[in-house]
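Input: a single structure, listed below in C-alpha coordinates.
Because the structure is predicted, anything quoted here is derived from the model rather than measured. Just so we're on the same page: letters track the sequence lines, and every chain starts at 1.
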2 protein chains.
Amino acid sequence: MPMSNQLAPATAATFPVVHDAIAPRSWEPNEAASLAIDDVGLASTGSVLHFTQDQQVFGEGDQAEFLFKVASGVIRTCRFHGDGRRQIDDFHIAGDIFGLETSQHYQVSAEAVCDCMVIAYRRRGVEKRAPGNETLSQQLFLVALQSMNRAREHALLLGRRSAVEKVASFLIEWGQRAPASTTVTLAMTRQDIADYLGLTIETVSRTLSQLERDGLITLVTARRIEIKDVQALRALHG
Amino acid sequence: MPMSNQLAPATAATFPVVHDAIAPRSWEPNEAASLAIDDVGLASTGSVLHFTQDQQVFGEGDQAEFLFKVASGVIRTCRFHGDGRRQIDDFHIAGDIFGLETSQHYQVSAEAVCDCMVIAYRRRGVEKRAPGNETLSQQLFLVALQSMNRAREHALLLGRRSAVEKVASFLIEWGQRAPASTTVTLAMTRQDIADYLGLTIETVSRTLSQLERDGLITLVTARRIEIKDVQALRALHG
DNA sequence: CGATTGCTTGATACCTCTCAACCCAGGTGG
DNA sequence: CCACCTGGGTTGAGAGGTATCAAGCAATCG
(Lines give C-alpha, C1' and ligand atoms only; values in the text may rest on other atoms or scores of the structure.)
Protein backbone atom coordinates (compact mmCIF):
# COMPACT_ATOMS: atom_id res chain seq x y z
CA MET A 1 0.00 0.00 0.00
CA PRO A 2 1.80 3.06 -1.18
CA MET A 3 -0.42 5.20 0.99
CA SER A 4 0.99 4.14 4.30
CA ASN A 5 4.43 5.07 3.08
CA GLN A 6 3.29 8.57 2.65
CA LEU A 7 1.12 8.88 5.66
CA ALA A 8 3.61 7.54 8.11
CA PRO A 9 5.85 10.58 8.09
CA ALA A 10 2.94 12.93 7.68
CA THR A 11 0.36 12.20 10.32
CA ALA A 12 -3.01 13.84 10.24
CA ALA A 13 -3.44 17.44 11.29
CA THR A 14 0.19 18.31 10.75
CA PHE A 15 -0.20 19.53 7.23
CA PRO A 16 -1.21 23.00 6.27
CA VAL A 17 -4.92 23.47 5.91
CA VAL A 18 -6.46 23.42 2.52
CA HIS A 19 -9.72 25.36 2.64
CA ASP A 20 -11.33 26.56 -0.55
CA ALA A 21 -7.96 27.48 -1.88
CA ILE A 22 -7.21 23.89 -2.67
CA ALA A 23 -8.05 23.40 -6.27
CA PRO A 24 -10.21 24.28 -9.17
CA ARG A 25 -13.01 21.82 -9.82
CA SER A 26 -11.29 20.42 -12.81
CA TRP A 27 -8.38 18.13 -13.29
CA GLU A 28 -6.68 20.73 -15.40
CA PRO A 29 -4.46 23.00 -13.35
CA ASN A 30 -5.72 26.23 -14.84
CA GLU A 31 -9.48 26.14 -14.45
CA ALA A 32 -11.69 28.36 -12.34
CA ALA A 33 -12.75 27.07 -8.95
CA SER A 34 -16.32 26.07 -8.20
CA LEU A 35 -16.46 23.59 -5.37
CA ALA A 36 -19.75 21.81 -5.14
CA ILE A 37 -19.26 21.08 -1.49
CA ASP A 38 -17.56 23.56 0.73
CA ASP A 39 -14.79 22.64 3.05
CA VAL A 40 -15.83 23.99 6.40
CA GLY A 41 -16.37 20.67 8.04
CA LEU A 42 -13.52 18.64 6.70
CA ALA A 43 -10.56 20.58 5.60
CA SER A 44 -9.08 21.44 8.94
CA THR A 45 -7.75 17.95 9.59
CA GLY A 46 -6.58 16.49 6.32
CA SER A 47 -3.09 15.55 5.23
CA VAL A 48 -2.03 16.18 1.70
CA LEU A 49 -0.67 13.28 -0.32
CA HIS A 50 0.82 13.02 -3.74
CA PHE A 51 0.37 10.14 -6.15
CA THR A 52 2.06 9.56 -9.44
CA GLN A 53 0.39 8.12 -12.49
CA ASP A 54 -1.09 4.65 -11.95
CA GLN A 55 -0.07 4.61 -8.31
CA GLN A 56 -2.57 2.99 -6.00
CA VAL A 57 -4.25 5.02 -3.28
CA PHE A 58 -5.94 2.03 -1.72
CA GLY A 59 -6.88 -1.46 -2.78
CA GLU A 60 -10.15 -3.34 -2.73
CA GLY A 61 -10.43 -5.07 0.61
CA ASP A 62 -8.05 -2.76 2.48
CA GLN A 63 -9.11 -1.37 5.83
CA ALA A 64 -11.13 1.73 5.07
CA GLU A 65 -9.27 3.98 7.48
CA PHE A 66 -9.36 7.11 5.41
CA LEU A 67 -11.64 9.27 3.40
CA PHE A 68 -10.15 11.18 0.50
CA LYS A 69 -10.73 14.33 -1.39
CA VAL A 70 -9.13 15.08 -4.72
CA ALA A 71 -7.18 18.33 -4.68
CA SER A 72 -5.87 18.08 -8.21
CA GLY A 73 -5.61 15.45 -10.89
CA VAL A 74 -7.94 12.53 -11.55
CA ILE A 75 -8.51 9.41 -9.49
CA ARG A 76 -10.22 6.30 -10.79
CA THR A 77 -11.98 3.80 -8.55
CA CYS A 78 -12.21 0.33 -9.99
CA ARG A 79 -12.50 -3.37 -9.41
CA PHE A 80 -10.58 -6.28 -10.90
CA HIS A 81 -12.12 -9.57 -11.93
CA GLY A 82 -10.59 -12.97 -11.78
CA ASP A 83 -9.73 -13.09 -15.46
CA GLY A 84 -7.82 -9.83 -15.28
CA ARG A 85 -10.55 -7.64 -16.64
CA ARG A 86 -10.94 -4.31 -14.97
CA GLN A 87 -14.13 -2.38 -14.43
CA ILE A 88 -13.90 1.32 -13.66
CA ASP A 89 -16.50 2.53 -11.25
CA ASP A 90 -15.89 6.27 -11.47
CA PHE A 91 -13.49 9.06 -12.21
CA HIS A 92 -12.98 11.64 -9.47
CA ILE A 93 -11.77 15.16 -10.12
CA ALA A 94 -10.81 18.04 -7.85
CA GLY A 95 -13.36 18.56 -5.12
CA ASP A 96 -14.72 15.02 -5.31
CA ILE A 97 -14.73 12.80 -2.27
CA PHE A 98 -13.94 9.13 -2.64
CA GLY A 99 -13.37 6.22 -0.32
CA LEU A 100 -16.67 6.66 1.51
CA GLU A 101 -17.86 3.18 2.52
CA THR A 102 -20.54 1.47 4.54
CA SER A 103 -18.23 -1.37 5.38
CA GLN A 104 -14.91 -1.46 7.21
CA HIS A 105 -13.17 -2.30 3.95
CA TYR A 106 -12.93 -0.56 0.63
CA GLN A 107 -15.14 -2.19 -1.97
CA VAL A 108 -13.08 -0.87 -4.86
CA SER A 109 -9.50 0.11 -5.52
CA ALA A 110 -8.43 3.69 -6.16
CA GLU A 111 -5.60 4.69 -8.46
CA ALA A 112 -4.19 7.87 -9.89
CA VAL A 113 -5.07 8.44 -13.54
CA CYS A 114 -2.42 11.13 -13.73
CA ASP A 115 -0.31 12.88 -11.12
CA CYS A 116 -2.62 13.73 -8.25
CA MET A 117 -2.83 15.56 -5.00
CA VAL A 118 -5.36 14.15 -2.59
CA ILE A 119 -6.28 15.00 0.96
CA ALA A 120 -6.74 12.14 3.41
CA TYR A 121 -9.07 12.39 6.39
CA ARG A 122 -9.03 9.84 9.16
CA ARG A 123 -12.40 8.17 9.08
CA ARG A 124 -12.50 7.68 12.83
CA GLY A 125 -11.85 11.33 13.36
CA VAL A 126 -14.59 12.34 10.98
CA GLU A 127 -17.06 9.91 12.50
CA LYS A 128 -16.25 11.17 15.95
CA ARG A 129 -16.81 14.75 15.00
CA ALA A 130 -19.87 14.21 12.86
CA PRO A 131 -22.50 13.83 15.60
CA GLY A 132 -23.20 17.25 16.92
CA ASN A 133 -21.49 18.90 13.97
CA GLU A 134 -24.41 19.73 11.77
CA THR A 135 -22.33 21.16 8.95
CA LEU A 136 -20.11 18.13 8.72
CA SER A 137 -22.99 15.67 8.92
CA GLN A 138 -24.94 17.41 6.23
CA GLN A 139 -21.86 17.60 4.10
CA LEU A 140 -21.21 13.89 4.38
CA PHE A 141 -24.84 13.17 3.70
CA LEU A 142 -24.68 15.26 0.56
CA VAL A 143 -21.54 13.49 -0.56
CA ALA A 144 -23.21 10.14 -0.09
CA LEU A 145 -26.24 11.25 -2.07
CA GLN A 146 -24.11 12.62 -4.86
CA SER A 147 -22.10 9.42 -5.01
CA MET A 148 -25.38 7.57 -5.24
CA ASN A 149 -26.48 9.78 -8.09
CA ARG A 150 -23.27 9.33 -9.97
CA ALA A 151 -23.32 5.57 -9.53
CA ARG A 152 -26.90 5.50 -10.70
CA GLU A 153 -26.15 7.55 -13.78
CA HIS A 154 -23.25 5.28 -14.53
CA ALA A 155 -25.46 2.23 -14.27
CA LEU A 156 -28.03 3.77 -16.56
CA LEU A 157 -25.26 4.65 -18.98
CA LEU A 158 -23.95 1.09 -19.01
CA GLY A 159 -27.44 -0.21 -19.61
CA ARG A 160 -27.52 1.60 -22.94
CA ARG A 161 -27.00 -0.80 -25.74
CA SER A 162 -24.79 0.65 -28.41
CA ALA A 163 -21.19 1.76 -28.25
CA VAL A 164 -21.97 5.11 -29.86
CA GLU A 165 -24.46 5.99 -27.16
CA LYS A 166 -21.98 5.08 -24.46
CA VAL A 167 -19.09 7.00 -25.97
CA ALA A 168 -21.28 10.02 -26.73
CA SER A 169 -22.57 10.00 -23.17
CA PHE A 170 -19.06 9.79 -21.85
CA LEU A 171 -17.95 12.78 -23.91
CA ILE A 172 -20.92 14.83 -22.78
CA GLU A 173 -20.43 13.90 -19.17
CA TRP A 174 -16.71 14.47 -19.11
CA GLY A 175 -17.11 17.65 -21.06
CA GLN A 176 -19.44 18.97 -18.40
CA ARG A 177 -17.09 18.12 -15.56
CA ALA A 178 -14.30 20.28 -16.87
CA PRO A 179 -16.40 23.25 -17.88
CA ALA A 180 -14.08 24.38 -20.61
CA SER A 181 -15.05 25.43 -24.08
CA THR A 182 -16.11 22.99 -26.74
CA THR A 183 -12.76 21.27 -26.49
CA VAL A 184 -12.64 18.30 -24.18
CA THR A 185 -9.30 17.24 -22.81
CA LEU A 186 -9.16 13.67 -21.64
CA ALA A 187 -7.06 12.77 -18.65
CA MET A 188 -7.36 9.04 -19.19
CA THR A 189 -6.27 6.48 -21.74
CA ARG A 190 -8.53 4.65 -24.15
CA GLN A 191 -8.20 1.65 -21.90
CA ASP A 192 -9.61 3.65 -18.99
CA ILE A 193 -12.52 4.82 -21.09
CA ALA A 194 -13.15 1.30 -22.33
CA ASP A 195 -13.16 -0.12 -18.81
CA TYR A 196 -15.51 2.63 -17.70
CA LEU A 197 -17.95 1.99 -20.53
CA GLY A 198 -17.78 -1.78 -20.60
CA LEU A 199 -16.26 -1.79 -24.08
CA THR A 200 -12.93 -2.72 -25.59
CA ILE A 201 -10.24 -0.23 -26.38
CA GLU A 202 -10.65 -0.91 -30.10
CA THR A 203 -14.36 -0.22 -30.05
CA VAL A 204 -13.81 3.07 -28.24
CA SER A 205 -11.22 4.07 -30.79
CA ARG A 206 -13.36 3.04 -33.73
CA THR A 207 -16.39 4.81 -32.32
CA LEU A 208 -14.48 8.03 -31.85
CA SER A 209 -13.21 7.79 -35.41
CA GLN A 210 -16.73 7.18 -36.60
CA LEU A 211 -18.00 10.23 -34.71
CA GLU A 212 -15.26 12.24 -36.36
CA ARG A 213 -16.15 10.96 -39.83
CA ASP A 214 -19.77 11.89 -39.11
CA GLY A 215 -18.66 15.40 -38.21
CA LEU A 216 -19.78 15.36 -34.58
CA ILE A 217 -16.30 15.76 -33.17
CA THR A 218 -12.71 16.38 -34.19
CA LEU A 219 -9.81 14.45 -32.78
CA VAL A 220 -7.30 17.25 -32.44
CA THR A 221 -4.95 14.86 -30.73
CA ALA A 222 -5.80 11.55 -29.14
CA ARG A 223 -6.48 13.32 -25.87
CA ARG A 224 -7.97 16.55 -27.16
CA ILE A 225 -11.40 16.31 -28.68
CA GLU A 226 -13.29 19.18 -30.12
CA ILE A 227 -17.04 18.91 -30.08
CA LYS A 228 -18.49 20.16 -33.33
CA ASP A 229 -22.13 19.20 -32.90
CA VAL A 230 -23.27 19.12 -29.29
CA GLN A 231 -26.88 18.67 -30.30
CA ALA A 232 -26.26 15.49 -32.22
CA LEU A 233 -24.04 14.21 -29.45
CA ARG A 234 -26.71 14.89 -26.87
CA ALA A 235 -29.27 13.19 -29.05
CA LEU A 236 -27.20 10.04 -28.97
CA HIS A 237 -26.80 10.42 -25.24
CA GLY A 238 -30.55 10.98 -24.83
CA MET B 1 -49.74 10.81 -10.35
CA PRO B 2 -51.68 8.08 -8.65
CA MET B 3 -49.99 8.86 -5.41
CA SER B 4 -51.74 12.11 -4.74
CA ASN B 5 -55.06 10.37 -5.12
CA GLN B 6 -54.21 8.19 -2.25
CA LEU B 7 -52.51 10.70 -0.07
CA ALA B 8 -55.19 13.33 -0.28
CA PRO B 9 -57.65 11.56 2.01
CA ALA B 10 -54.88 10.20 4.17
CA THR B 11 -52.62 13.01 5.26
CA ALA B 12 -49.40 12.31 7.04
CA ALA B 13 -49.40 11.23 10.64
CA THR B 14 -52.97 10.02 10.58
CA PHE B 15 -52.18 6.43 9.77
CA PRO B 16 -51.31 3.83 12.32
CA VAL B 17 -47.65 3.59 13.10
CA VAL B 18 -45.63 0.90 11.50
CA HIS B 19 -42.56 0.22 13.63
CA ASP B 20 -40.62 -2.97 13.17
CA ALA B 21 -43.81 -4.87 12.81
CA ILE B 22 -44.18 -3.69 9.27
CA ALA B 23 -42.84 -6.43 7.12
CA PRO B 24 -40.35 -9.17 6.65
CA ARG B 25 -37.33 -8.20 4.58
CA SER B 26 -38.54 -10.10 1.60
CA TRP B 27 -41.14 -9.53 -0.97
CA GLU B 28 -42.77 -12.81 -0.14
CA PRO B 29 -45.35 -12.47 2.58
CA ASN B 30 -44.11 -15.36 4.65
CA GLU B 31 -40.45 -14.69 5.27
CA ALA B 32 -38.70 -13.95 8.53
CA ALA B 33 -38.08 -10.34 9.43
CA SER B 34 -34.59 -8.88 9.45
CA LEU B 35 -34.68 -5.15 8.86
CA ALA B 36 -31.34 -3.76 7.94
CA ILE B 37 -32.27 -0.35 9.19
CA ASP B 38 -34.47 0.05 12.20
CA ASP B 39 -37.44 2.31 12.21
CA VAL B 40 -37.03 4.46 15.26
CA GLY B 41 -36.41 7.67 13.42
CA LEU B 42 -38.89 7.44 10.62
CA ALA B 43 -41.84 5.27 11.26
CA SER B 44 -43.81 7.54 13.51
CA THR B 45 -44.94 9.81 10.73
CA GLY B 46 -45.52 7.72 7.65
CA SER B 47 -48.72 7.02 5.81
CA VAL B 48 -49.34 3.63 4.34
CA LEU B 49 -50.19 3.39 0.67
CA HIS B 50 -51.17 0.55 -1.56
CA PHE B 51 -50.17 0.09 -5.17
CA THR B 52 -51.35 -2.50 -7.62
CA GLN B 53 -49.15 -4.15 -10.19
CA ASP B 54 -47.50 -1.72 -12.65
CA GLN B 55 -49.02 1.27 -10.92
CA GLN B 56 -46.75 4.29 -10.72
CA VAL B 57 -45.63 5.60 -7.35
CA PHE B 58 -43.93 8.64 -8.82
CA GLY B 59 -42.58 9.69 -12.18
CA GLU B 60 -39.23 10.98 -13.27
CA GLY B 61 -39.26 14.73 -12.94
CA ASP B 62 -42.05 14.89 -10.36
CA GLN B 63 -41.59 17.04 -7.28
CA ALA B 64 -39.74 14.89 -4.79
CA GLU B 65 -42.09 15.58 -1.91
CA PHE B 66 -41.93 12.16 -0.34
CA LEU B 67 -39.57 9.50 0.75
CA PHE B 68 -40.78 5.92 0.63
CA LYS B 69 -40.20 2.67 2.38
CA VAL B 70 -41.39 -0.63 1.03
CA ALA B 71 -43.56 -2.47 3.52
CA SER B 72 -44.35 -5.42 1.26
CA GLY B 73 -44.03 -6.28 -2.39
CA VAL B 74 -41.41 -5.10 -4.85
CA ILE B 75 -40.88 -1.64 -6.32
CA ARG B 76 -38.79 -0.94 -9.38
CA THR B 77 -37.15 2.40 -10.06
CA CYS B 78 -36.47 3.08 -13.71
CA ARG B 79 -35.98 5.55 -16.47
CA PHE B 80 -37.43 5.72 -19.96
CA HIS B 81 -35.54 6.74 -23.06
CA GLY B 82 -36.80 8.52 -26.07
CA ASP B 83 -37.13 5.44 -28.22
CA GLY B 84 -39.29 3.70 -25.63
CA ARG B 85 -36.57 1.60 -24.11
CA ARG B 86 -36.68 1.28 -20.37
CA GLN B 87 -33.76 0.94 -18.05
CA ILE B 88 -34.37 -0.41 -14.57
CA ASP B 89 -32.22 1.15 -11.91
CA ASP B 90 -33.07 -1.07 -8.98
CA PHE B 91 -35.58 -3.37 -7.35
CA HIS B 92 -36.65 -2.49 -3.82
CA ILE B 93 -38.02 -5.01 -1.35
CA ALA B 94 -39.51 -4.73 2.11
CA GLY B 95 -37.43 -2.50 4.33
CA ASP B 96 -35.77 -0.68 1.45
CA ILE B 97 -36.01 3.07 1.17
CA PHE B 98 -36.45 4.65 -2.21
CA GLY B 99 -37.11 8.12 -3.52
CA LEU B 100 -34.16 9.70 -1.74
CA GLU B 101 -32.85 12.49 -3.96
CA THR B 102 -30.36 15.30 -3.99
CA SER B 103 -32.51 17.35 -6.23
CA GLN B 104 -36.03 18.69 -5.83
CA HIS B 105 -37.23 16.28 -8.47
CA TYR B 106 -37.15 12.54 -8.79
CA GLN B 107 -34.48 11.39 -11.21
CA VAL B 108 -36.22 8.10 -11.91
CA SER B 109 -39.73 6.75 -11.93
CA ALA B 110 -40.99 4.22 -9.39
CA GLU B 111 -43.54 1.53 -10.15
CA ALA B 112 -44.99 -1.48 -8.42
CA VAL B 113 -43.65 -4.78 -9.74
CA CYS B 114 -46.44 -6.60 -7.94
CA ASP B 115 -49.01 -5.50 -5.39
CA CYS B 116 -47.19 -3.37 -2.86
CA MET B 117 -47.58 -1.62 0.43
CA VAL B 118 -45.32 1.37 0.84
CA ILE B 119 -44.97 3.97 3.54
CA ALA B 120 -44.64 7.58 2.49
CA TYR B 121 -42.76 10.13 4.58
CA ARG B 122 -43.00 13.81 3.88
CA ARG B 123 -39.56 14.91 2.90
CA ARG B 124 -39.93 18.31 4.48
CA GLY B 125 -40.91 16.74 7.75
CA VAL B 126 -37.95 14.43 7.71
CA GLU B 127 -35.56 17.21 6.82
CA LYS B 128 -36.95 19.38 9.57
CA ARG B 129 -36.53 16.70 12.18
CA ALA B 130 -33.15 15.43 11.02
CA PRO B 131 -30.92 18.12 12.50
CA GLY B 132 -30.68 17.43 16.18
CA ASN B 133 -32.08 13.94 15.75
CA GLU B 134 -28.95 11.87 15.67
CA THR B 135 -30.72 8.57 15.10
CA LEU B 136 -32.65 9.85 12.13
CA SER B 137 -29.64 11.56 10.58
CA GLN B 138 -27.46 8.50 10.88
CA GLN B 139 -30.24 6.40 9.49
CA LEU B 140 -30.62 8.59 6.44
CA PHE B 141 -26.89 8.66 5.98
CA LEU B 142 -26.77 4.89 6.06
CA VAL B 143 -29.59 4.65 3.57
CA ALA B 144 -27.74 6.97 1.22
CA LEU B 145 -24.56 4.95 1.54
CA GLN B 146 -26.38 1.69 0.94
CA SER B 147 -28.10 3.12 -2.10
CA MET B 148 -24.70 4.17 -3.33
CA ASN B 149 -23.36 0.66 -2.79
CA ARG B 150 -26.25 -0.91 -4.62
CA ALA B 151 -25.96 1.45 -7.54
CA ARG B 152 -22.25 0.79 -7.70
CA GLU B 153 -22.73 -2.96 -7.69
CA HIS B 154 -25.32 -2.59 -10.39
CA ALA B 155 -22.92 -0.57 -12.51
CA LEU B 156 -20.20 -3.14 -12.04
CA LEU B 157 -22.67 -5.85 -12.96
CA LEU B 158 -23.68 -4.07 -16.15
CA GLY B 159 -20.05 -3.62 -17.05
CA ARG B 160 -19.66 -7.39 -17.25
CA ARG B 161 -19.61 -8.49 -20.81
CA SER B 162 -21.56 -11.68 -21.32
CA ALA B 163 -25.20 -12.39 -20.82
CA VAL B 164 -24.49 -15.50 -18.73
CA GLU B 165 -22.49 -13.52 -16.22
CA LYS B 166 -25.22 -10.94 -15.93
CA VAL B 167 -28.01 -13.45 -15.51
CA ALA B 168 -26.01 -15.55 -13.07
CA SER B 169 -25.20 -12.46 -11.03
CA PHE B 170 -28.81 -11.49 -11.01
CA LEU B 171 -29.88 -14.90 -9.74
CA ILE B 172 -27.26 -14.86 -6.99
CA GLU B 173 -28.15 -11.35 -5.95
CA TRP B 174 -31.87 -11.84 -5.96
CA GLY B 175 -31.48 -15.19 -4.24
CA GLN B 176 -29.64 -13.47 -1.43
CA ARG B 177 -32.27 -10.81 -0.99
CA ALA B 178 -35.02 -13.29 -0.23
CA PRO B 179 -32.98 -15.58 1.99
CA ALA B 180 -35.00 -18.64 1.22
CA SER B 181 -33.69 -22.05 0.41
CA THR B 182 -32.11 -22.91 -2.88
CA THR B 183 -35.31 -21.99 -4.64
CA VAL B 184 -35.49 -18.47 -5.95
CA THR B 185 -38.89 -16.99 -6.60
CA LEU B 186 -38.91 -14.10 -9.01
CA ALA B 187 -41.30 -11.25 -8.49
CA MET B 188 -40.65 -9.68 -11.86
CA THR B 189 -41.18 -10.52 -15.49
CA ARG B 190 -38.49 -11.43 -17.98
CA GLN B 191 -38.88 -7.95 -19.37
CA ASP B 192 -38.05 -6.47 -15.99
CA ILE B 193 -34.97 -8.64 -15.70
CA ALA B 194 -33.91 -7.76 -19.22
CA ASP B 195 -34.28 -4.04 -18.57
CA TYR B 196 -32.32 -4.40 -15.35
CA LEU B 197 -29.47 -6.26 -17.04
CA GLY B 198 -29.36 -4.31 -20.26
CA LEU B 199 -30.38 -7.33 -22.33
CA THR B 200 -33.38 -8.35 -24.35
CA ILE B 201 -36.13 -10.55 -23.05
CA GLU B 202 -35.14 -13.27 -25.51
CA THR B 203 -31.55 -13.33 -24.39
CA VAL B 204 -32.61 -13.61 -20.76
CA SER B 205 -34.89 -16.49 -21.61
CA ARG B 206 -32.29 -18.27 -23.71
CA THR B 207 -29.63 -17.79 -21.06
CA LEU B 208 -31.85 -19.26 -18.37
CA SER B 209 -32.60 -22.22 -20.63
CA GLN B 210 -28.91 -22.65 -21.25
CA LEU B 211 -28.16 -22.60 -17.53
CA GLU B 212 -30.79 -25.26 -17.09
CA ARG B 213 -29.34 -27.43 -19.85
CA ASP B 214 -25.95 -27.08 -18.17
CA GLY B 215 -27.44 -28.29 -14.92
CA LEU B 216 -26.83 -25.12 -12.90
CA ILE B 217 -30.49 -24.39 -12.32
CA THR B 218 -33.94 -25.85 -12.83
CA LEU B 219 -36.84 -23.82 -14.11
CA VAL B 220 -39.59 -25.23 -11.92
CA THR B 221 -41.95 -22.67 -13.36
CA ALA B 222 -41.05 -19.50 -15.20
CA ARG B 223 -40.96 -17.64 -11.89
CA ARG B 224 -39.58 -20.35 -9.64
CA ILE B 225 -35.97 -21.26 -10.17
CA GLU B 226 -34.14 -23.90 -8.24
CA ILE B 227 -30.42 -23.44 -7.94
CA LYS B 228 -28.65 -26.75 -8.38
CA ASP B 229 -25.04 -25.61 -8.45
CA VAL B 230 -24.40 -22.46 -6.48
CA GLN B 231 -20.65 -22.81 -6.86
CA ALA B 232 -20.76 -22.76 -10.63
CA LEU B 233 -23.22 -19.89 -10.58
CA ARG B 234 -20.99 -17.89 -8.27
CA ALA B 235 -18.03 -18.63 -10.50
CA LEU B 236 -19.87 -17.03 -13.40
CA HIS B 237 -20.78 -14.14 -11.17
CA GLY B 238 -17.03 -13.69 -10.85
C1' DC C 1 -63.58 -21.07 -25.57
C1' DG C 2 -61.13 -17.34 -27.93
C1' DA C 3 -58.18 -13.69 -26.51
C1' DT C 4 -54.52 -12.04 -24.02
C1' DT C 5 -50.19 -12.10 -21.70
C1' DG C 6 -45.84 -13.92 -20.51
C1' DC C 7 -42.45 -17.04 -21.95
C1' DT C 8 -39.69 -19.98 -25.07
C1' DT C 9 -37.48 -21.18 -29.31
C1' DG C 10 -35.74 -20.60 -34.13
C1' DA C 11 -33.30 -18.18 -38.14
C1' DT C 12 -30.86 -14.39 -39.53
C1' DA C 13 -28.54 -9.84 -39.32
C1' DC C 14 -25.68 -6.88 -37.05
C1' DC C 15 -22.53 -5.25 -33.77
C1' DT C 16 -18.78 -5.84 -30.85
C1' DC C 17 -14.90 -8.71 -29.51
C1' DT C 18 -10.70 -10.87 -30.81
C1' DC C 19 -6.42 -11.20 -33.01
C1' DA C 20 -3.26 -8.87 -35.71
C1' DA C 21 -0.73 -5.40 -38.01
C1' DC C 22 0.53 -0.85 -38.21
C1' DC C 23 1.26 4.04 -36.93
C1' DC C 24 2.95 7.72 -34.16
C1' DA C 25 5.23 10.40 -30.45
C1' DG C 26 8.41 10.39 -26.94
C1' DG C 27 12.47 8.77 -24.76
C1' DT C 28 16.98 6.45 -24.71
C1' DG C 29 21.38 5.49 -25.99
C1' DG C 30 24.95 4.74 -29.18
C1' DC D 1 21.70 12.98 -34.98
C1' DC D 2 19.64 8.97 -35.81
C1' DA D 3 18.42 4.14 -34.76
C1' DC D 4 15.87 1.89 -31.70
C1' DC D 5 12.47 0.89 -28.40
C1' DT D 6 8.24 1.50 -25.98
C1' DG D 7 3.48 2.63 -24.96
C1' DG D 8 -0.65 4.40 -26.57
C1' DG D 9 -3.63 4.69 -30.41
C1' DT D 10 -5.69 3.39 -34.90
C1' DT D 11 -7.25 0.28 -38.37
C1' DG D 12 -8.39 -4.24 -40.68
C1' DA D 13 -10.41 -9.11 -41.17
C1' DG D 14 -12.84 -12.62 -39.16
C1' DA D 15 -15.37 -14.95 -35.36
C1' DG D 16 -18.81 -14.95 -32.07
C1' DG D 17 -22.58 -13.30 -29.29
C1' DT D 18 -26.63 -10.70 -28.89
C1' DA D 19 -30.50 -8.20 -31.13
C1' DT D 20 -34.15 -8.59 -34.19
C1' DC D 21 -37.99 -10.61 -36.38
C1' DA D 22 -41.08 -14.29 -36.28
C1' DA D 23 -43.54 -18.27 -34.76
C1' DG D 24 -45.31 -21.25 -31.28
C1' DC D 25 -46.58 -22.64 -26.48
C1' DA D 26 -48.74 -22.41 -21.85
C1' DA D 27 -51.44 -20.24 -18.39
C1' DT D 28 -54.89 -16.91 -17.24
C1' DC D 29 -59.12 -14.52 -17.89
C1' DG D 30 -63.10 -12.69 -19.61
Side-chain angles (χ1 to χ4, degrees), chain A residues 52-54 74 76 81 83-88 113-114 157-168 170-171 184-214 217-225 236, chain B residues 52-54 74 76 81 83-88 113-115 157-171 184-214 217-225 236:
Chain A
T52 60
Q53 189 173 333
D54 292 327
V74 180
R76 63 172 173 257
H81 299 130
D83 52 5
R85 282 182 305 178
R86 183 185 64 168
Q87 174 74 29
I88 291 186
V113 171
C114 52
L157 164 62
L158 287 169
R160 310 193 138 282
R161 301 286 172 69
S162 75
V164 214
E165 287 175 321
K166 290 183 180 177
V167 171
F170 175 77
L171 286 177
V184 179
T185 307
L186 302 175
M188 65 291 287
T189 66
R190 296 287 188 269
Q191 187 65 62
D192 285 329
I193 301 176
D195 291 347
Y196 180 73
L197 298 178
L199 298 171
T200 58
I201 183 178
E202 294 96 331
T203 300
V204 171
S205 186
R206 269 188 260 271
T207 306
L208 286 171
S209 302
Q210 186 59 51
L211 287 173
E212 182 170 36
R213 272 193 295 278
D214 295 349
I217 63 174
T218 305
L219 293 162
V220 186
T221 72
R223 301 291 187 95
R224 293 195 78 85
I225 298 177
L236 285 174
Chain B
T52 60
Q53 188 174 333
D54 291 327
V74 178
R76 63 171 174 256
H81 299 130
D83 52 5
R85 282 183 306 179
R86 182 184 64 168
Q87 174 75 28
I88 292 186
V113 170
C114 51
D115 277 27
L157 164 63
L158 286 170
R160 310 193 138 281
R161 303 285 170 71
S162 74
V164 213
E165 287 176 321
K166 290 182 180 176
V167 172
S169 298
F170 175 77
L171 287 177
V184 179
T185 306
L186 302 175
M188 65 291 287
T189 66
R190 295 287 187 270
Q191 187 65 61
D192 285 329
I193 300 176
D195 291 346
Y196 180 73
L197 297 179
L199 298 171
T200 59
I201 184 177
E202 294 97 330
T203 300
V204 171
S205 185
R206 269 188 259 272
T207 305
L208 286 171
S209 302
Q210 187 59 49
L211 287 174
E212 182 170 36
R213 273 193 294 279
D214 296 348
I217 63 175
T218 305
L219 293 163
V220 186
T221 72
R223 300 289 188 97
R224 294 194 79 83
I225 297 177
L236 285 174

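What you find for Cys114(A) and Val74(A) is that their closest heavy atoms are SG-N, 3.6 Å.
In this structure, the CZ atom of Arg160(B) is 15 Å from the P atom of dC17(C), given to the nearest Å. Put simply, CD on Gln210(A) is 20 Å from P on dG9(D), counting in whole angstrom units. Leu211(A) has its CG atom 12 Å from the P atom of dT10(D), to the nearest Å. Rounded to a whole Å, the CG atom of Leu219(A) is 19 Å from the P atom of dC23(C). For Gln191(B) and dA19(D), the CD to P distance is 12 Å, given to the nearest whole Å. In this entry the distance linking CZ of Arg161(A) with P of dT16(C) reads 12 Å, nearest Å. One atom, CG of Leu197(B), and another, P of dG17(D), lie 18 Å apart when rounded to the nearest Å. Atoms CZ (Arg224(A)) and C1' (dA25(C)) sit 17 Å apart, rounded to a whole Å.
A donor-acceptor contact under 3.5 Å is formed by the side chain of Arg206(B) with the base of dT20(D). On a pure distance criterion of 3.5 Å, no polar donor-acceptor pair joins the side chain of Arg190(B) and the base of dT9(C).
When distances are taken from the side chain of Ala163(B) to each of dT18(C), dT8(C), dT18(D), the shortest belongs to dT18(D). The side chain of Glu202(A) lies closest to dT11(D), out of dT11(D), dA19(D), dC17(C). For Ser205(A), the listed nucleotide lying nearest its side chain is dT11(D); candidates were dT11(D), dT16(C), dA19(D).
Arg85(A) is listed as a side-chain neighbour of Arg160(B), based on a closest heavy-atom distance under 4.5 Å. Annotation: side chain of Asp54(B) is in contact with side chain of Arg76(B) (closest heavy-atom distance under 4.5 Å).
Phosphate contact (OP1/OP2 of dC17(C), side-chain N/O of Thr203(A), threshold under 4.0 Å): present. Side-chain N/O atoms of Arg223(A) include none lying less than 4.0 angstrom from OP1 or OP2 on dG8(D). Taking 4.0 angstrom as the limit, Thr200(B) places none of its side-chain polar atoms (N or O) nearer than this to OP1 or OP2 of dT18(D). Between Ser162(A) and the phosphate of dC15(C), there is no side-chain N or O to OP1/OP2 separation shorter than 4.0 Å.
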Candidate pair Ile88(A) and Met188(A), rule side chain to side chain contact (heavy atoms under 4.5 Å, CB included), full reasoning: CA-CA 12 Å; Ile88(A) 291 186; Met188(A) 65 291 287; over 6 Å; no
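Within 4.0 Å of Leu199(B), counting heavy atoms only, lie sugar-phosphate atoms of the nucleic acid but no base atom.
At least one donor-acceptor pair closer than 3.5 Å links the side chain of Arg161(B) to the backbone N or O of Leu199(A).
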